[in-house]
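Down below is the structure, laid out as structure tokens.
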Amino acid sequence: MSGYRYGPYTGGPDPLEPPYDVRGAVDALGESVLEGTDPSSALRDLLRRGMSGHRGLDDMLRRVRERQREVRNRGRLDGMLEQARAMLDKAIGEERAELFPDPSDAARMREQELDSVPSDTSRAIRQLSDYDWQSAAARQTFEELKDLLRREILDSQFQGMKQSLSQPDTEAMQRVKDMMSALTQMLEADARGEHEQQDFDDFMAEYGEMFPDNPANLEELVDSLVRRMQAAQRLLDSLSEDQRGELSNLMSQAMEDAGLAAEMARLAGALRERRPDLDAEGWPRARMSGQEPLGLSDATTALAELADLGELEDSLRQDYPGARLDDIDEEAVRRALGRQAVDDMEALRQIERELERQGYLQRTDGRLELTPKAVRRLGETALRKVFAELPEGGMGDHDQHDAGQAGEFTGSTRPWQFGDEQPIDAAATVRNALLRGGMTAPTDLPGPLRRPGRAGAGHPGVRLEVGDFAVGETERRATAAVCLLVDLSYSMELRGTWGAAKQTALALHALVRTKYPQDAIQVIGFSNYARELRETDLAGLTWDMVQGTNLHHALVLAGRFLDRRPEHNPVVLVITDGEPTAHLRRDGQYWFDWPPSPETLELTLAEVDKMTRRQATMNIFMLADDERLTAFVDEVARRNGGRVLRALPESLGEYVVRDFLRTRRESSR
């Protein structure tokens, strides 16, 4: 046993961990779906809200926007120019103070030279680069200005360089130059297909302190550099034309003075070859609202952060086709919102993955759909909601005590017939054989039954014939063929009744499947045309933005369904908010007219008469108090004998289920 060690499993996800429980997520999805939302929108709403103690996308989006406001309030983008001008004015002032008491002509000449310094900061610095400073304080201030510019400009390109060059000297500048050269050579080697990871590791071992974000490979390093270069360009684009020219000249001059201009240009060219989009135009001007002047490095960092936050905001909105949580950059979430937000994002991703892995969601041609497993659960949820509104008691059952093929045993038997699926009643079968005289002597038994030592040998037997067999008789439950006709026209959405109709259809499906499995159900949706809807279609179904309420076509389809099941009791339920305004022509095309044409009404009522001859009672649930609709349904009730129920959307499910149960009980008597 000394060779065994016990500890936490580190080889990946715990293989003994129970599956992630997504039933709560399915139920939350169901709430939205039952209100009429399609599955993709329902999942997006769930992920926006969050669940199980984890923040959703909306909360993260709110925090990202708060972070954007904080970054914009940091200060002004022209701070580098202001700071450089202030230090230059300080140096000139210190020099003038040194020259003022000097009565020599040389002092007056130097004062005239200072008077001719251009107002443009970059040109002024260039002109004073060769000036022979008389004031030691002024000379020191001017050198500090040049060092500041070098550090700020290098840090705007290589984040963290300002700290590395806190004490700039010739050796430090040469080391930066060597780093740029080595990086350019590595990029050029990679372009030729000659770069290896070891080359990058050697580079980081030599110059890693200049890259505090610690990239893991060349691609990550390029991402970081391009991000800074784009932010620097966006900074320039956000300044006025005069400011942009002044800052550009200032940056170029600082790089020339440091001897880095050539290497910087070479490196920028290598990066542009690798990332052609680096010079993409059309960047929006940054809007900074703070009052404090920002240095070049801080301004570049702020704009890089704003760019990251903008991209993160776009991905968190998830409002583009095929959007998935995997599209959201985890590192961007960590930088912007912290580690807890990464954990919340992973929890949301787990919900999305587990809904697919456990068989509740599936993607078909890039479209998210609920699986039959999820739809069954939604139907049960819808049914529970409906039954919660029904009064207790009075539901009953619908047994018909008659010889049949299903139900509980009655205690009586009947002769077996070819095709019977009921279990054989062994006692009755043997009794029939004995009454027929089927007793046999031991010598009449087949050879194998007469072998010595065999159990039962020497005893009489019973020879069975086909006519002896009997089956147990059962109670037969009345079977029904249920047709639910649901209006899908645009008016259902306008009146806010579509969600209730969808929930009702799912609830009725679940009721028939679970409580009356011997029944047959067909759901038909109708707008300009009618079509049969499978249970899985219902969850993702939405209203049709078309003109027409083609009840005529729906009744034709329902009639075909009933004709194929003559042994079933026909039940027809219609949910609509308007009278028929369309019918199916002989050529298969629909005809729409408003107000309804006489032909539309005649053809629709003809199908109603056919339903009456099939002895199918039509019960219509009206979702609108409209004069034309009322006149039409009253005529249907007169011709068919069915009922008309005026239902509010919130009570539609209760009305339909209660009416179905009442119809089933009446048909069972």
Side-chain angles (χ1 to χ4, degrees), residues 71 77 152-162 176-204 206-208 210-239 244 247-248 251-252 255 260-286 296-315 320 326-336:
V71 174
L77 296 178
E152 288 284 343
I153 292 169
L154 284 173
D155 198 75
S156 70
Q157 303 296 321
F158 306 95
Q159 187 175 12
M161 190 68 72
K162 186 163 55 175
V176 172
K177 186 176 182 180
D178 293 342
M179 179 274 293
M180 290 184 184
S181 177
L183 177 55
T184 303
Q185 291 175 12
M186 190 163 54
L187 289 170
E188 291 173 346
D190 187 60
R192 297 190 301 268
E194 300 172 358
H195 173 73
E196 297 181 356
Q197 180 63 29
Q198 185 60 46
D199 299 332
F200 177 82
D201 295 338
D202 294 341
F203 174 84
M204 290 299 294
E206 180 71 20
Y207 304 107
M210 298 184 182
F211 303 96
D213 52 349
N214 196 28
N217 50 53
L218 181 59
E219 191 64 25
E220 289 187 9
L221 176 57
V222 170
D223 286 341
S224 177
L225 294 176
V226 168
R227 177 171 170 264
R228 296 289 291 183
M229 291 180 69
Q230 288 177 332
Q233 185 60 48
R234 188 179 180 191
L235 187 154
L236 291 172
D237 293 343
S238 300
L239 299 175
R244 181 164 56 251
L247 183 57
S248 296
M251 294 170 68
S252 299
M255 289 295 96
L260 301 176
E263 283 298 338
M264 180 67 80
R266 184 179 168 210
L267 175 59
L271 288 171
R272 285 185 172 88
E273 288 184 7
R274 188 181 183 94
R275 296 287 181 84
D277 60 330
L278 185 58
D279 292 326
E281 299 180 356
W283 293 95
R285 295 188 61 178
L296 182 60
S297 173
D298 292 338
T300 304
T301 299
L303 293 187
E305 190 170 349
L306 282 176
D308 285 350
L309 290 171
E311 292 178 2
L312 182 58
E313 180 184 14
D314 291 340
S315 61
Y320 51 90
D326 290 338
D327 301 339
I328 300 174
D329 185 358
E330 182 177 300
E331 181 61 24
V333 173
R334 185 194 61 77
R335 287 198 304 263

* Determine, stepwise, if the pair E311 / D329 fulfils side-chain contact (heavy atoms from CB on, under 4.5 Å). => CA-CA 9 Å; E311 292 178 2; D329 185 358; over 6 Å; no

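- Residues satisfying the side chain to side chain donor-acceptor pair (under 3.5 Å) test with E330, not counting sequence neighbours, are none.
- Annotation: side-chain contact (heavy atoms from CB on, under 4.5 Å) contacts of E206 (sequence neighbours excluded): R175.
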* Just do the side-chain contact (heavy atoms from CB on, under 4.5 Å) check on L187 and V222 with the steps written out, would you? => CA-CA 9 Å; L187 289 170; V222 170; 3.7 Å; yes

* Asked: Where do N214 and M204 land on the side-chain contact (heavy atoms from CB on, under 4.5 Å) test, with the steps shown first?
  -> CA-CA 8 Å; N214 196 28; M204 290 299 294; 4.0 Å; yes

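- A302 and V71 get closest at one heavy-atom pair: O-CG1, 3.5 Å.
- Annotation: side chain of F211 is in contact with side chain of M179 (closest heavy-atom distance under 4.5 Å).
- For the atom pair L225 CG and Q230 CD, the distance stands at 11.5 Å (nearest 0.5 Å).
- Using modelled atom types, one side-chain atom of S315 and one backbone atom of L312 make a donor-acceptor pair closer than 3.5 Å.
- Judged as a side chain to side chain donor-acceptor pair (under 3.5 Å), and not counting sequence neighbours, the contacts of D201 are Q197.
- For R335, the side-chain contact (heavy atoms from CB on, under 4.5 Å) criterion is met by R227, D308, E331, A332, not counting sequence neighbours.
- Here the closest heavy-atom approach between residue M229 and residue L271 is recorded as SD-CD1, 3.3 Å.
- By the salt bridge (charged side-chain N to carboxylate O under 4.0 Å, His left out) test, D314 is found to be paired with R317, residues two or more places apart in sequence or in another chain being considered.
- Listed by chain and number, the residues in a side chain to side chain donor-acceptor pair (under 3.5 Å) with D178 are Q174 (sequence neighbours excluded).
- Considering all non-hydrogen atoms of both residues, A231 and A304 come closest at CB-N, 3.5 Å.
- Remark: Y207 engages F203 in a ring pair (Phe, Tyr, Trp, His ring centres under 6.0 Å) (not counting sequence neighbours).
- Panel note: side chain T184, backbone M180; a donor-acceptor pair is recorded below 3.5 Å.
- Judged as a side-chain contact (heavy atoms from CB on, under 4.5 Å), and not counting sequence neighbours, the contacts of D223 are E219, R275.
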* To do: Give the intermediate values and the outcome of side-chain contact (heavy atoms from CB on, under 4.5 Å) for residues L218 and R274.
  => CA-CA 11 Å; L218 181 59; R274 188 181 183 94; 4.1 Å; yes

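- Residues passing the side chain to side chain donor-acceptor pair (under 3.5 Å) test with E263: none are found, sequence neighbours excluded.
- Checking R228 against T301 by side-chain atom types alone, a donor-acceptor pair falls below 3.5 Å.
- Note that NE2 of H195 is 8.0 Å distant from CG of N217, once rounded to the nearest 0.5 Å.
- For E273, there are no salt bridge (charged side-chain N to carboxylate O under 4.0 Å, His left out) partners, not counting sequence neighbours.
- Applying the side-chain contact (heavy atoms from CB on, under 4.5 Å) criterion to S252, with sequence neighbours excluded, gives no partner residue.
- Here the shortest heavy-atom pairing between L309 and A336 reads CD2-CB, 3.5 Å.
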